[in-house]
Student: 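Dropping the structure in here first, questions after.
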Amino acid sequence: MASVKLEINGETHTVADIAADTPLLWVLRDSLGLVGTKYGCGGGYCGACTVQLDGQAVRSCSVTAVAAQGKHITTIEGLANGDELHPLQQAWIELDVPQCGYCQAGQIMNAAALLESNPSPSDSDINRAMAGNICRCGCYVRIKQAIQQASSALAFNAMGVEGELS
Amino acid sequence: MMYPAPFRYHRPENLNAALQLLQRLGEDAKPLAGGQTLIPMLKMRVGDVTDLVDIGRLPDLDEIQLGESEARIGALATHARIAASSVAQRLPSVRDCAGGIADAQVRARGTIGGSISTGDPSTDWAPMLHTMAAIVEIQGPGGKREVAIDDFITDAYTTVLQTGELVTGVRIPLPPARSGGAYIGYKRSAPAYPTAAVGIQLTLDENDVCIAARCVLSAVASRPVTSAAADAALVGTRLTEEDLRAAGELIIADTNPPADVRGSADYKRSVLRGLFLQVGAKALQRAKGENIEGEHNYV
């Protein structure tokens, strides 16, 4: 058994008495109640459990909690800035992206990591970066549109332009 | 698929402690680096792993250096870091390989050392490194040794690593001027292993005649497939489509890819023939100095 100290969304959490091999996903959901991150396949295929470690998208089912110590962990719960939604979340709502919605937290966390490293991705950049996130409702077209809309919104914000985007 | 089988977890502070621990625990202990192959395997209960030795944070094992005559990539360098490195800038086939492995999440965690140490017949690094005649650096309780990448993997999931040994890095001799390479896998989807993959490195003389070639097929046999006959057939030619097709036949005709969910043997041979022409053409353009991007193909 182990005790881990994790920095999640800017807050430090100590979780005692977990098996040393516990994947981060179970610590987030079962120990800390951060259930925005979803369990999809558990085998490293679907991307539903994607969170960020130091800004990089990783699958929380395939990273042990012990290995995530000392890194900045960001989950979907920590993406908004207080009440101000992340541009991706805003675009997701405006474009009605999800259907069943189960994969969306993982999609958004991976997309946020993409925009962090590449604020103006091309269609092929998006396809390539998002290839590890499966959506069984097939919402890929809207997911891509939302990422592009969020990218534009980020560019407008960077220029200090106020107002609604059409 | 949910929980891995229970195992004991160790996190040694440095390389020597890790090597000693691995030797003491024996062959049921596995080193854990990025965990992108090992953790899913443990979840599927493959093998009898009793102990995991976490080497993921050992210091100084993730350096990437581009020297005058060779590049060196530390075993713990992730695919994502390698894809963005100066080595990938200098060697386009390294960029093809590192940037094409699985998906962004796996590339953020998975390491080159883990990829080759697993000896998985479907992984990309070992075959790509064959085209560069790379050297694997190994360290064990008895000291250091070096093994050519071609001798490193002996069979499916089997390497020359002895109990207690770890890969610490790979060294890639830099190819001469007028040399270019490409590596492409053909995949059903990003997280899936390739149905088949081909890597080719070509070197030209000043008249665009091929003076050296190294070809490899991957994901179609228990280990990367190489052919001295195919390499020799390309040398002395101008690498026309017919030349590439003829050399491709020499290496493809004898392979007997396992029929599985990714396709029949005949189908995989067809994929290999197409890939061989595509990769050869890309390697040729790069050998002539053209700066072209390449990436894995999806079905």
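Reminder, nothing fancy here: chain letters follow the sequence lines and each chain counts from 1.
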Student: Under the salt bridge (Lys or Arg N to Asp or Glu O under 4.0 Å) rule, what pairs show up with a residue in residues 108-119 of chain B, not counting sequence neighbours?
Tutor: none

Student: Can you tell if the side chain of B:R8 reaches within under 4.5 Å of the side chain of A:D21, non-hydrogen atoms only?
Tutor: no

Student: Does a sphere of radius 6.0 Å around CD in B:E27 hold more than 12 heavy atoms from other residues, nucleotides or ligands, not counting ones at 6.0 Å or beyond?
Tutor: no

Student: Hey, can you pull the donor-acceptor pairs under 3.5 Å for the side chains in residues 53-63 of chain A, sequence neighbours left out?
Tutor:
| residue | atom | partner | partner atom | Å |
| --- | --- | --- | --- | --- |
| A:D54 | OD1 | A:H72 | N | 2.8 |
| A:R59 | NH1 | A:G44 | O | 3.3 |
| A:R59 | NH1 | B:D103 | OD1 | 3.2 |
| A:R59 | NH1 | B:D103 | OD2 | 3.4 |
| A:R59 | NH2 | A:G132 | O | 2.9 |
| A:R59 | NH2 | B:D103 | OD1 | 3.4 |
| A:R59 | NH2 | B:D103 | OD2 | 2.7 |
| A:S60 | OG | A:C49 | O | 2.7 |

Student: Is B:R57 in contact with chain A via its backbone, its side chain, both, or neither, using a 4.5 Å heavy-atom distance?
Tutor: side chain

Student: Do any pairs count as a salt bridge (Lys or Arg N to Asp or Glu O under 4.0 Å) and have a residue in residues 76-94 of chain B, sequence neighbours left out, and if so which ones?
Tutor: B:D62-B:R81

Student: Can you tell me if NZ on A:K38 sees more than 12 non-hydrogen neighbours from other groups inside 6.0 Å?
Tutor: yes

Student: Using non-hydrogen atoms and a 4.5 Å limit, figure out which bit of A:Q69 sits close to chain B: side chain, backbone, both or neither.
Tutor: both

Student: So with a 6.0 Å cut-off around CD of A:E116, is the heavy-atom count from everything else above 12?
Tutor: no

Student: Non-hydrogen atoms of chain A under 4.5 Å away: do they reach the side chain of B:A192, the backbone, both or neither?
Tutor: neither

Student: Can you pull out the residues in residues 75-93 of chain A with any heavy atom less than 4.5 Å from chain B?
Tutor: none

Student: Mind listing the closest non-hydrogen atom pair of B:A104 and A:A129 along with its distance?
Tutor: CB-O, 3.7 Å

Student: Going from CG on B:L52 to OG1 on A:T64, what distance comes out if it is rounded to the nearest 0.5 angstrom?
Tutor: 8.5 Å

Student: How far apart are the closest heavy atoms of A:Y45 and B:P191, and which atoms are they?
Tutor: O-CG, 3.5 Å

Student: Counting only non-hydrogen atoms closer than 4.5 Å, does A:A67 touch chain B with its backbone (N, CA, C, O), its side chain (CB onward), both, or neither?
Tutor: both

Student: Check this for me: B:D48, atom CG, are more than 12 non-hydrogen atoms of other residues, nucleotides or ligands nearer than 6.0 Å?
Tutor: no

